[in-house]
Amino acid sequence: MPGEVTLESLGFDLKEKPPTNRWVDQFSILGGLPKVGKSEFLAQGKEKTWFVRMAAEFNHLATYGADATDYASVIREVDKLTKAHKAGLFPWETVVFDPADKILEYLQDQICTDAAVDSIYEVAGYGVGQRKYKMGIKSFVSSILPLPAHKFFVFHTKWIEMKEPGDSKKTYHRWELDLSEKLDAEFKRRVHNVLHIVTGYVGDTQARTMLTRESKHYEAGCKAPCLSKESRIDWGKDAGENYRKFRALFE
């Protein structure tokens with residue numbers, strides 16, 4: 001009937017939205033021990049990958065990007081990337097923040113500097129410093145999500161002792177991201193994929209594997225369909241080949 005009101009005419013899109021394997025839709029953490037090859041792996045994206053570098057160890061590695069030594073400089077780099085995107089001048093498919101724990105350190109330093117204290121727990125008012133920190137994380141993550149690139153955050157991992165559920169006398173060890181569970185939970189909650197590079201040895205030969213699925217002893221987990229169906233991705237000695245194989249999993 002002419003003029004009949006339908007859900008479509010009211011602006012509803014009734015088509016099912018399929019899960020995405022698009023590279024530029026992803027927001028990921030790449031974790032692992034120091035010097036395991038995380039930065040080298042991501043640098044294989046060459047000129048299509050833009051690094052926000054926050055540590056001196058990049059002196060041995062060729063990367064495209066900019067250095068950031070405090071929170072204000074990190075925000076300036078994000079603003080520049082946002083302006084490039086809005087201007088239609090965004091040649092990168094990957095943006096890497098490395099090492100990402102520096103962002104969290106810089107944010108805490110900024111809050112302390114503003115309040116003239118040594119710790120966010122000393123900011124005047126109960127819980128005020130912690131709330132400012134959590135709000136800062138939310139604001140930062142929200143600012144980078146619109147960028148048309150795979151956002152990577154590089155973190156170190158730590159070995160912690162855990163208690164067996166239901167039996168506090170029994171313990172085991174687990175490798176987790178080196179983050180504060182209390183303060184940084186908001187950060188991990190917004191990430192799509194947590195990729196964990198683990199190492200082992202066969203005699204004197206080092207073997208590396210990228211874990212994509214959570215286990216009792218390792219923190220990991222992915223929402224991208226191309227990653228969630230696998231539990232691990234083997235790594236060889238050639239960083240370029242490892243990257244090409246990984247990149248080929250995505251659209």
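Please read these numbers as outputs of a predicted model, since none were measured by experiment.
- Closest approach of Met54 and Ala68 over heavy atoms only: CG-O, 3.4 Å.
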Next on the checklist: Before you tell me yes or no, could you show the steps for Phe140 and Ile75 under side-chain contact (heavy atoms from CB on, under 4.5 Å), namely the whole-Å CA-CA distance, both residues' side-chain angles and the distance that decides it to 0.1 Å?
Outcome noted: CA-CA 8 Å; Phe140 177 78; Ile75 296 303; 4.0 Å; yes

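- One finds the SG atom of Cys222 at 10.5 Å from the CG atom of Leu249 (value rounded to the nearest 0.5 Å).
- Below 30°, between 30° and 60°, or above 60°: for His150 and Phe152 the angle between ring planes is below 30°, a parallel geometry.
- Pairs of residues two or more places apart, or lying in two chains, that qualify as salt bridge (Lys or Arg N to Asp or Glu O under 4.0 Å) and include a residue from residues 232-242 are Glu241-Arg244.
- Note that Lys216 lies in the cation-pi zone of Tyr172, set by a 6.0 Å cut-off to the ring centre and a 45° limit from the axis.
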Item to check | Leu81/Trp92 under side-chain contact (heavy atoms from CB on, under 4.5 Å): CA gap, chis, key distance, verdict | outcome: CA-CA 10 Å; Leu81 289 166; Trp92 309 287; 3.7 Å; yes

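- In terms of heavy atoms, Ala115 sits closest to Val123 at CB-CG2, 4.0 Å.
- At distances below 3.5 Å, at least one donor-acceptor pair connects side-chain atoms of Asn193 with backbone N or O atoms of Lys223.
- Counting only heavy atoms from C-beta outward, the side chains of Tyr133 and Leu107 approach each other to under 4.5 Å.
- Residues passing the salt bridge (charged side-chain N to carboxylate O under 4.0 Å, His left out) test with Arg208, sequence neighbours excluded: none.
- Shown here is Lys132, whose NZ atom has no more than 12 heavy atoms of other residues, nucleotides or ligands within 6.0 Å.
- Remark: Glu164 does not engage Lys169 in a salt bridge, criterion side-chain N to carboxylate O under 4.0 Å.
- Looking at heavy atoms from C-beta onward, Ile103 lies in side-chain contact with Phe153 at the 4.5 angstrom threshold.
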Item to check | Val95/Ile144 under side-chain contact (heavy atoms from CB on, under 4.5 Å): CA gap, chis, key distance, verdict | outcome: CA-CA 9 Å; Val95 174; Ile144 65 169; over 6 Å; no

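- Residues Thr63 and Ala43 approach most closely at CG2-CB, 4.0 Å, considering heavy atoms.
- Under the 4.5 Å side-chain criterion, counting only non-hydrogen atoms from C-beta, Tyr106 is not in contact with Ile111.
- By the 6.0 Å contact criterion, CE on Met162 is enclosed, its count of non-hydrogen atoms from other residues, nucleotides or ligands being greater than 12.
- With a 4.5 Å cut-off on side-chain heavy atoms, Val194 and Leu177 count as touching.
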Next on the checklist: Checking Phe41 against Leu30 for the side-chain contact (heavy atoms from CB on, under 4.5 Å) test, could you report, in this order, the C-alpha distance in whole Å, the side-chain angles of both residues, the deciding distance, and whether it holds?
Outcome noted: CA-CA 10 Å; Phe41 171 74; Leu30 181 62; 4.0 Å; yes

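- In this structure, Asp70 has no salt bridge (charged side-chain N to carboxylate O under 4.0 Å, His left out) partners at least two apart in sequence or on a different chain.
- Glu214 and Arg174 are joined by a salt bridge, as a carboxylate oxygen and a charged side-chain nitrogen come within less than 4.0 angstrom of each other.
- Ion pairing between a basic and an acidic side chain is recognised when a charged N comes within 4.0 Å of a carboxylate O; Glu219 and Lys188 show such pairing.
- Lys102 has its side chain within reach of Glu105: a pair of non-hydrogen atoms, C-beta onward, lies under 4.5 Å apart.
- Between Phe246 and Met210 there is a side-chain heavy-atom pair separated by less than 4.5 Å.
- Between Val24 and Gln26 there is no side-chain heavy-atom pair separated by less than 4.5 Å.
- A ring-ring contact (aromatic ring centres under 6.0 Å, His included) with His196 holds for exactly one of Trp235, Trp175, Tyr218; it is Tyr218.
- Looking at every heavy atom in both residues, Pro148 comes nearest to Phe90 through CG-CD2, 3.7 Å.
- At a threshold of 4.5 Å between non-hydrogen side-chain atoms, the residues Gln44 and Arg247 do not count as touching.
- Cluster annotation: Tyr243 and Leu61 are assigned to the same hydrophobic cluster (Ile/Leu/Val/Met/Phe/Trp/Tyr, side-chain heavy-atom contacts under 4.5 Å, transitive).
- Leu227 and Thr212 make their closest contact through O-OG1, 3.4 Å (heavy atoms, listed as atom of the first residue, atom of the second, distance).
- When all heavy atoms are compared, the tightest approach of Leu145 to Lys151 is O-NZ, 3.2 Å.
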